[in-house]
Amino acid sequence: MIILAHWLLTTWGCLTFFGAYAWANFTILAVGVWAVAQRDSVDAISMFLGGLAVTIFLDIVHISIFYPRPDITDTARFGAGMAILSLLLKPFSCCLVYHMYRERGGTLPLHTGFLGPPQEQSAYQTIDSPEAPADHYAGLEGKGHSPQGY
């Protein structure tokens, strides 16, 4: 549904904006078709998500530079409106595609730290780690001490 909506809006946007606008958006929509066809591929959906994010920036630049200002016709106004509507829907589409990316097993490649701890903490502890073992009573075995201190 996302691809169909953006294809229709991009087609109508091409009434006003040609060239780079059409190439960028139709290329990403082709990657989106690939992501739909390869339902188990994390690479396809991640490329589609990255492409959608890049086209948000490219659409802003393209619309702001090539928006027809003097004596605009109704057809050009309609095409520009559809391109702007497509641009406004792209962040929502990115959220939906990101949800599909997570369903396919994708994770964020970097952890910045301000979002909290990473989701998957490994129980693996290296030998040269300065941290103490998690079981505090493991060293008290066989010494006659009880965990309560009696």
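For clarity, every value in this text was computed on a predicted model and none was experimentally measured.
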Shared ILVMFWY cluster between [X] and [Y], side chains joined below 4.5 angstrom?
X: L9; Y: W23; result: no
X: V31; Y: L4; result: yes
X: W12; Y: I72; result: no
X: V54; Y: F57; result: yes
X: I28; Y: I45; result: yes

Indicate yes or no: at least one non-hydrogen side-chain atom of [X] is less than 4.5 angstrom from one of [Y].
X: Y21; Y: L58; result: no
X: F48; Y: I3; result: yes
X: I2; Y: M100; result: yes

Distance, nearest 0.5 Å, that separates [atom1] of [X] from [atom2] of [Y]:
X: L52; Y: M47; atom1: CG; atom2: CE; answer: 12.0 Å
X: L49; Y: Y98; atom1: CG; atom2: OH; answer: 8.5 Å
X: I60; Y: I65; atom1: CD1; atom2: CD1; answer: 12.0 Å

Closest non-hydrogen atom pair between [X] and [Y], with its separation:
X: I56; Y: C94; answer: CD1-SG, 4.0 Å
X: F18; Y: T16; answer: CE1-O, 3.6 Å
X: Y67; Y: A80; answer: CE1-CB, 3.3 Å
X: R104; Y: S41; answer: NH1-O, 3.0 Å
X: W7; Y: F26; answer: CD1-CE2, 3.6 Å
X: R77; Y: D74; answer: NH1-OD1, 3.1 Å

Flag, side chain of S46 to backbone of D43, donor-acceptor distance under 3.5 Å: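 Side chain of S46 to backbone of D43, a donor-acceptor pair under 3.5 Å: yes, one is there.
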Polar side-chain atom of S64 near backbone of V61 as donor-acceptor pair, under 3.5 Å: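 Pair found, side chain donor or acceptor close to backbone of V61.
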Ignoring hydrogens and angles, write down the donor-acceptor pairs under 3.5 Å from the side chains of residues 81-93, residues two or more places apart or on other chains.
residue: S86; atom: OG; partner: H6; partner atom: ND1; Å: 3.3
residue: K90; atom: NZ; partner: N25; partner atom: OD1; Å: 2.4
residue: K90; atom: NZ; partner: T55; partner atom: OG1; Å: 3.1
residue: K90; atom: NZ; partner: D59; partner atom: OD2; Å: 2.6
residue: S93; atom: OG; partner: H6; partner atom: NE2; Å: 2.7
residue: S93; atom: OG; partner: L89; partner atom: O; Å: 3.1

